[in-house]
Amino acid sequence: MEAEEFKDQQLQLSEASPKSAEYQALLRAGPRLRLLQQVHAHLVVSGSHRSKALLTKLLTFACAAGAISYTRRIFSCVFNPDSFLFNSLIKASSKFGFPLDTVFFYRRMLLSGISPSSYTFTSVIKACAELSVLRVGRGIHSHVLVSGYGSNAFVQSALVTFYSKSSDLGVARKLFDKMQDRTVVAWNSMISGYEQNGHAKEAIVLFNRMLELYVNPDSTTFVCVLAACSQLGEVRLGCWVHDCIVSNGIHVNVILGTSLINMFSRCGNVSKAREVFDSMNERNVIVWTAMISGYGMHGHGSQAMELFHQLKACGSCPNNVTFVAVLSACAHAGLVHEGRQAFASMRQEYGLLPGVEHHVAMVDLLGRAGFLNEAYQFIKGLKHGELVPPVWTAMLGACKMHKNFDLGVEVAEHLLSVEPENPGHYVMLSNIYASAGRMDRVELVRNMMIQRGIRKQVGYSTIDVKNKTYLFSMGDKTHPETNEIYEYLDELISRCKEAGYAPESESVMHELEEEEREYALRYHSEKLAIAFGLMKTNHGMTIRIIKNLRMCEDCHSAIKFISVVTSREIIIRDKLRFHHFKNGSCSCMDFW
DNA sequence: ATAGGGTTAG
């Protein structure tokens, strides 16, 4: 007996060594397609291509190499794939960005009669989350329940993310609430779900709940919370998180650093963002891009360009997103020459193909600076497929800014015909007509909107006073101190008029009657918020406002005067960027 | 002999 066993072992060893050599060859090849194909050829020649173990490794590497069609081809030749092979493939395809294949392999696995495990489910659910396919994901959720993995913490977290990404926050929250073992990852999934769907307030509420229950947040939690702070302009919580990170000695990795830089920039403190940037010991292109776009938002074009040059000097490669940030920084600072150069270098130096965002940024850059003809020529030079609405929208913005009536109307009418459901186009067209004094046309556009049931977005502004957030919208009278606020604002506007402010009625939205115009202009949400802020804060304190839309020209000009007559610094974050008003001028230098 | 997780960025 003993001799028999010994012989068996000998046999196995002698058989194992050549195969092991091939396994080693696979490991050496790694996720590199050419090398993998060479090893594959050897496997076929030596007849060992039937080994499931080797095939599994080969397929995983092929997937990691991004060679998905090669992976599919080999898979289709595998006879009787086993659970190892399926699980490896499902995991690899999900991890390396082929979610459709993940779902395909999962189905094939079920068809082969192999039971999925909790590991299988986490990968498949992740793939469904990426695809946001509610129907498929629900089906898999029911497989989870029948297979008895409904209370597996890993699977549950994946499901919470899946439902969040499929915009079914209600179901995500129900699942989350039902979990008996809520790991920090589960909390992160739910907080991130709220944040990604624009419910930053709920994200913060949940974060506070987590702290109340003594669950320790980790760096991922902070990343999600910082993103929520960025949305809301919540400097206080943002700073608290930053302090927490510093005092607990939490390592600021590239992701956390990017979130901090973004939070400080979007909350108006770009120099603090720079401090974080400087303190990081590891930076990738995303970190650099975040900092460049931070400068861009604040109109600090030269700092943005300086950073861009430093990025190139240290050997890193800017990518498509970096160029969007650079071009937009140039546009907001009037750096036309630098922007043109950067755009040209995209293709010439980095082999990057400009996309829609870059075309939009170029039209914006040229248009804002007043080179309307050049912007128009640029558009004409684009291919047919590149002539998408956002490019025309940028052109329209330029026409409106520089009061080019004829071209503006032409562009707006084109936009209305291709995107009749976009309220922004109607508002723009109407404003252009209004500024040309064509009130009959204004009326026409207004009727068109009513007829088509299109409503413009409601603008609102928020301001924090004594740790409370107050929200104002145009003509809003819900605030308990409405009368005082309106009286204060009226007086303020009179003082501004004495100082030379002239209201620009063209900025008034067209759905209002003639006599309502001056009224509406006077009570735009940002003006109400500023009046409230001035009333409630001490002299010398900076007023900070966040607005959901872009500011109108009239508010922009009025606030310059307000900054003079009250000698206050006023900082407004609008949809696109920051405006720092001080001593009668704005940091945007009217390039907005 | 093979695989082993869910959450996070510009």
Side-chain angles (χ1 to χ4, degrees), chain A residues 12-13 15-24 26-27 48 51-61 81-92 94-95 117-126 129 149 152-162 164-165 172 175-176 179 181-193 195-196 203 217-228 230 252-263 265-266 273 277 283-294 296-297 311 318-326 328 357:
Chain A
Q12 271 175 15
L13 276 175
E15 243 182 47
S17 62
K19 286 182 182 172
S20 176
E22 278 149 341
Y23 187 66
Q24 291 304 318
L26 267 173
L27 287 183
S48 47
S51 155
K52 291 264 168 32
L54 293 179
L55 277 173
T56 302
K57 203 71 198 164
L58 176 68
L59 278 164
T60 313
F61 276 144
D82 60 5
S83 70
F84 274 92
L85 189 84
F86 273 119
N87 280 333
S88 307
L89 257 180
I90 287 171
K91 189 191 163 213
S94 166
K95 187 174 169 190
S117 68
S118 65
Y119 290 93
T120 322
F121 284 126
T122 51
S123 292
V124 186
I125 295 166
K126 188 183 155 82
Y149 290 110
N152 178 292
F154 292 93
V155 175
Q156 284 175 320
S157 293
L159 279 169
V160 168
T161 301
F162 162 70
S164 305
K165 292 213 168 142
L175 259 168
F176 175 79
M179 291 177 71
D181 180 28
R182 257 170 266 158
T183 61
V184 64
V185 179
W187 285 92
N188 294 345
S189 304
M190 196 64 236
I191 292 173
S192 157
E195 186 274 313
Q196 302 261 339
D218 63 8
S219 85
T220 304
T221 320
F222 291 138
V223 168
C224 302
V225 174
L226 288 168
S230 302
V252 178
N253 62 23
V254 283
I255 300 181
L256 189 53
T258 304
S259 309
L260 282 166
I261 289 169
N262 196 27
M263 182 278 292
S265 309
R266 306 228 328 151
F277 178 84
R283 300 184 197 118
N284 62 14
V285 67
I286 302 183
V287 178
W288 284 89
T289 304
M291 196 60 237
I292 290 172
S293 92
M297 281 175 73
L311 161 68
N319 62 23
N320 279 308
V321 187
T322 315
F323 277 101
V324 174
V326 168
S328 126
E357 302 93 332

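We name chains A, B, ... by the order of the sequence lines, and we start the count at 1 in each one.
- Residue A:N284 contributes atom CG, which lies 12 Å from atom P of B:dG10 at whole-angstrom precision.
- The residue A:S117 sits close to a base: some heavy atom pair falls under 4.0 Å.
- Atom NZ in A:K165 sits roughly 11 Å away from atom P in B:dG6 (whole-Å rounding).
- Taking atom OH of residue A:Y149 and atom P of nucleotide B:dG6, one finds them 16 Å apart after rounding to whole Å.
- Between the side chain of A:S189 and the base of B:dT7 there is no donor-acceptor pair of N/O atoms closer than 3.5 Å.
- A:A92 comes within 4.0 angstrom of no nucleic acid atom, judged by non-hydrogen atoms across all strands.
- Counting non-hydrogen atoms under 4.0 angstrom, A:Q196 reaches the backbone sugars and phosphates but no base.
- Interface remark: the A:S157 side chain does form a donor-acceptor pair with the B:dG6 base, using a distance-only criterion of under 3.5 Å.
- Atom OH in A:Y23 sits about 12 Å away from atom P in B:dA1, given to the nearest Å.
- A:I286 pairs by the side chain to side chain contact (heavy atoms under 4.5 Å, CB included) definition with A:T258, A:N284, not counting sequence neighbours.
- Here A:S118 lies in heavy-atom contact (under 4.0 Å) with a base.
- Atom pair A:I125:CD1 and B:dG5:P shows a separation of 15 Å (rounding to whole Å applied).
- Of the listed nucleotides (B:dT7, B:dT8, B:dT2), B:dT8 has the atom at the smallest distance from the side chain of A:V223.
- Checked by atom type, the side-chain pair A:S265/A:N262 shows no donor-acceptor distance below 3.5 Å.
- Atom CZ in A:F176 sits roughly 15 Å away from atom P in B:dT7 (whole-Å rounding).
- Contact of A:N319 with B:dG10 (side chain to base): a donor-acceptor pair of N or O atoms is detected under 3.5 Å.
- In terms of polar N and O atoms assigned as donor or acceptor, the side chain of A:S88 never comes within less than 3.5 Å of the base of B:dA3 in a complementary pairing.
- In this structure, the side chains of A:S94 and A:V124 stay at 4.5 Å or more apart for every pair of heavy atoms.
- Remark: the A:S123 side chain and the B:dG6 base include no donor-acceptor N/O pair separated by less than 3.5 Å.
- Here A:V254 lies in heavy-atom contact (under 4.0 Å) with a base.
- Distance CG (A:L256) to P (B:dT7): 18 Å, rounded to an integer number of Å.
- Here the closest heavy-atom approach between residue A:L55 and residue A:L85 is recorded as C-CD1, 4.1 Å.
- Atom CD1 of A:I261 and atom P of B:dA9 are 15 Å apart (whole Å).
- With sequence neighbours left out, the side chain to side chain contact (heavy atoms under 4.5 Å, CB included) criterion links A:A92 to A:T60, A:C63, A:F96.
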